[in-house]
Structure formats: structure tokens, C-alpha cells
There are 2 protein chains.
Amino acid sequence: MLSRACQYGILLLVHLAHGEGGRFEPVHEAAAGLGLSAHFLAKTVGPLARAGLVKSYRGPNGGVALARDPMQIHVRDVVRAIDGSTPVECCVLGLPGCGENRPCPMHDAWSAVRANVSRLLDDTTVGALAARLDTESLRLSSLDPEH
Amino acid sequence: MLSRACQYGILLLVHLAHGEGGRFEPVHEAAAGLGLSAHFLAKTVGPLARAGLVKSYRGPNGGVALARDPMQIHVRDVVRAIDGSTPVECCVLGLPGCGENRPCPMHDAWSAVRANVSRLLDDTTVGALAARLDTESLRLSSLDPEH
DNA sequence: CTGTTTTGAGACTCGTTTGTCTAGAATGTA
DNA sequence: TACATTCTAGACAAACGAGTCTCAAAACAG
Ligand code: SF4
Ligand code: SF4
């Protein structure tokens with residue numbers, strides 16, 4: 001559905017939104033906090049920076065930081081930046097070149113599901129996700145949740 | 001989301017349900033009708049037969065045929081037979097070992113989507129899909145839809 | 001028995017994805 | 001300047017999925 005790199009990108013942005021605002025956090029530190037491979041996570045920051053979602057700075061005290069208000073960054077933006085503009089096109093039958101014209105017998109039911117996913121990506125911001133990390137007892141990393 | 005083999009399996013069953021009832025149709029013939037690779041389609045019939053969804057017979061006049069009433073075969077059965085009991089477990093963030101306890105911030109919204117997909121797989125039968133091929137102008141194959 | 005048709009199982013190639021690693025350019029500090 | 005820190009780009013290998021191909025076993029027809 002979503003590539004691993006894309007998932008890592010979402011996790012990174014939510015992690016940044018959850019941390020202190022203006023600080024530039026090194027990628028390896030964020031990767032350690034998320035329990036991910038630092039090298040692989042670093043590969044996602046390129047597309048994210050080009051898309052204007054994060055700023056990055058080299059050298060000591062460098063790192064990555066959000067470029068915009070996290071409440072203005074939608075999950076859809078991250079997906080588009082990393083996986084391109086053809087996400088969530090996965091389908092049950094996966095006929096090549098199937099569109100609205102001459103669809104397969106599952107198209108009606110499936111397009112409803114797909115619309116739901118699309119709306120979810122559009123409506124969810126990384127700021128809202130980060131906020132939920134505090135209020136509820138949720139987790140981002142695959143590591144031992146503290147406590 | 002669904003493996004290609006699984007998609008092929010669904011297509012095969014719907015194709016069989018759409019054809020004449022008791023006939024054993026050779027796999028290569030069904031593959032030609034669906035515009036698929038006969039060799040690859042043949043790999044799906046093993047699991048389907050083991051799951052009791054189709055019967056197969058060798059030799060001349062052999063082939064595959066539905067083992068049950070197509071109205072009693074649910075798409076979920078096909079998915080379970082080919083992709084195993086861990087289908088549709090794809091997720092947005094894909095954290096390893098994430099369950100209902102300590103979920104990620106998208107879990108609520110996403111589990112709703114997943115429930116929709118699950119219900120769709122459970123409620124849809126290959127018989128119903130085959131019936132729609134006639135009433136509406138739908139297609140199964142990627143080939144030129146005959147007119 | 002001989003040959004043909006078909007399923008059944010599996011090895012094999014190929015391309016994409018995932019992940020690791022290395023080298024280099026930028027940035028700051030002493 | 002010398003050095004440490006960090007991003008950036010890309011080479012590289014491992015793993016996976018999709019698809020092709022081969023060979024053997026079953027079933028039938030003559
Ligand atoms: S449900 Fe729609 S998009 Fe999916 S295979 Fe069928 S026609 Fe194509
Ligand atoms: S917690 Fe739920 S929504 Fe989050 S990755 Fe796991 S299954 Fe998906």
C-alpha cells in the first residue's frame with residue numbers, strides 16, 4: 001500500500017512535530033528514538049526537503065526540522081513527496097488500465113473504500129497525530145514503549 | 001494489499017462461475033479468456049483445490065471446475081486460501097508487532113477502513129460477481145472487452 | 001501399450017524494494 | 001588551518017514478488 005520509505009517519512013515528521021519546535025534534530029538521533037535504521041531513514045529526508053516539508057542543515061547542531069506548521073502538513077503531502085502522485089492505487093483485482101469506464105464487478109464497492117483512504121490522508125495532519133501521542137497512551141516506535 | 005496470485009485466483013473463480021456449470025475447463029483456456037499467463041495462473045489452482053474451492057482433473061477433458069455453489073464461495077475464502085490468514089493486514093505506518101494494545105495514532109481511523117475491507121471480502125461472493133458480468137457491462141479481463 | 005492432454009510441483013530468471021555501506025560536500029569549532 | 005559533525009548522493013548486496021520454463025505424474029483415447 002505505502003512503501004516503507006513513505007512510512008518512515010511519516011514517522012519522522014510526526015516525531016519532529018512531537019519534539020521541540022525550532023530545534024534541528026540529527027537524523028541518527030531521530031532514528032534511534034524511533035527504532036529505525038538511521039541510514040535508511042536518511043534516504044527519506046531528501047524528497048521531504050525537496051517537497052518543502054522539512055529544512056535540513058549540516059554540521060554540528062545541524063539536522064532536520066519541520067519547515068511548516070505541523071498542523072498545515074497533511075499525511076497526503078508526505079505520501080506525495082516520497083511515493084509520488086500515484087499512491088493508494090492498489091486494488092482488489094488490479095486489472096491493468098482499469099478506469100471508471102468498463103470497470104470490474106468490484107469497482108463500486110472498492111472505490112468507496114478508496115475514497116475513504118484518500119479522505120483520511122487528506123484530513124490527517126502530522127500535527128494532529130503528534131498531539132495524540134501525549135493525550136493518549138500511543139506509540140510511534142517499535143521499541144519498548146517507555147513504562 | 002493482495003498478491004497477484006490472489007488476484008488471479010479471484011479472477012479464475014469468477015470466470016468459472018460465469019461459464020457453464022459442471023464443465024471442467026483447462027487452465028490454459030481460462031487464462032486465454034482472461035488474458036493472463038497460463039503458467040502463472042496454474043500456480044494458483046493448487047491452493048484453491050487444497051482449500052476445497054475447486055476440483056481439478058487431469059488428462060483430456062480435464063481441467064478445473066468449481067467445487068461448490070458459487071453463491072457460497074466468498075472472496076474472503078479465496079484470499080485465505082492463497083494469501084493465507086494474514087491478508088489485508090497492510091497498514092499506514094506498518095509498525096512491527098502493533099496490535100490493539102498501544103496502537104499508533106492512526107489506528108482508530110485506519111481500523112475503520114480495515115473493517116470496511118474485511119466486510120467487503122466477507123459479504124462478496126464470486127457468484128454475485130459473476131452475475132454482475134451479465135447484467136451490467138463489466139469486464140474481467142485486460143483484453144479488448146468484446147465490444 | 002503408445003501417445004496425447006492435462007494438472008502438479010518446483011527450479012529458474014528478472015526487476016523492484018529494502019537495507020547497508022562508503023565517499024564527499026557543507027557547517028561549525030578551536 | 002585542522003577537525004569533528006552532519007547532511008547528500010549513490011553504489012552495493014540481500015530479499016522478495018512476479019513471471020517463465022521444465023519435468024514428472026495422472027488420466028484418457030486409440
Ligand atoms: S475495482 Fe475498479 S480500480 Fe479496482 S480492478 Fe476493479 S475496475 Fe480496476
Ligand atoms: S497501530 Fe494500527 S494503524 Fe498503527 S500501524 Fe499498527 S495496525 Fe496500523
Side-chain angles (χ1 to χ4, degrees), chain A residues 1-9 11-12 16 23-51 53-67 79 81-84 86-87 89-91 93-96 142, chain B residues 1-12 16 23-32 34-51 53-67 81-84 86-87 89-90 93-96 142:
Chain A
M1 168 85 91
L2 260 54
S3 77
R4 203 112 238 180
C6 188
Q7 298 174 335
Y8 280 26
L11 289 173
L12 174 64
L16 290 176
R23 176 162 172 265
F24 278 76
E25 181 175 19
V27 175
H28 62 82
E29 184 182 316
L34 291 167
L36 306 177
S37 152
H39 279 300
F40 192 55
L41 183 60
K43 293 176 74 167
T44 69
V45 52
L48 291 176
R50 270 188 290 274
L53 301 178
V54 303
K55 338 172 253 195
S56 60
Y57 227 76
R58 296 194 235 207
N61 295 21
V64 290
L66 293 179
V79 175
I82 298 184
D83 276 356
T86 53
E89 280 193 357
C90 78
C91 189
L93 300 185
L95 302 180
S142 52
Chain B
M1 167 85 90
L2 259 54
S3 77
R4 203 110 233 179
C6 189
Q7 300 175 334
Y8 279 26
I10 300 174
L11 290 173
L12 174 63
L16 289 176
R23 175 160 173 266
F24 278 78
E25 182 175 17
V27 174
H28 61 83
E29 184 182 317
L34 291 166
L36 307 177
S37 152
H39 278 299
F40 193 55
L41 184 60
K43 293 175 73 167
T44 70
V45 50
L48 291 176
R50 269 188 291 275
L53 301 178
V54 302
K55 336 172 253 192
S56 60
Y57 226 76
R58 296 193 233 206
N61 295 24
V64 290
L66 292 180
I82 297 184
D83 276 356
T86 53
E89 280 193 358
C90 79
L93 300 186
L95 303 179
S142 52

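The chains referred to below are lettered A, B, ... by the order of the sequence lines, with proteins before strands, and numbering in each begins at 1.
Using modelled atom types, one side-chain atom of A/R4 and one backbone atom of B/G94 make a donor-acceptor pair closer than 3.5 Å.
When the C1' atom of D/dT20 is taken as reference, atom CG of B/L41 falls 14 Å away, rounded to whole Å. For B/N61 and C/dT5, the CG to P distance is 12 Å, given to the nearest whole Å. For B/K55 and C/dT6, the NZ to C1' distance is 17 Å, given to the nearest whole Å. The distance from atom CZ of B/F40 to atom C1' of C/dT7 is 17 Å, rounded to the nearest whole Å. For A/R4 and C/dT20, the CZ to P distance is 12 Å, given to the nearest whole Å.
Side-chain contact between A/L2 and A/I82: absent, with no pair of heavy atoms (C-beta onward) separated by less than 4.5 Å.
Within 4.0 Å of A/Y57, counting heavy atoms only, lie sugar-phosphate atoms of the nucleic acid but no base atom. As judged by a 4.0 angstrom heavy-atom cut-off over every strand, B/Y8 is placed among residues touching the sugar-phosphate backbone only.
Map B/S3 and A/H28 each onto its nearest nucleotide of DNA chain D; the residue landing nearer the 5' end is A/H28. Residue B/V64 is the one, among B/V64 and A/G59, whose nearest nucleotide of DNA chain C lies closer to the 5' end (criterion: closest heavy atom).
In the interface, the side chain of A/K43 is paired with the base of C/dG19 through a donor and an acceptor atom under 3.5 Å apart. Between the side chain of B/R58 and the base of C/dT7 there is at least one donor-acceptor pair of N/O atoms closer than 3.5 Å.
In terms of phosphate contacts, B/S37 brings a side-chain nitrogen or oxygen within less than 4.0 Å of OP1 or OP2 of D/dT20.
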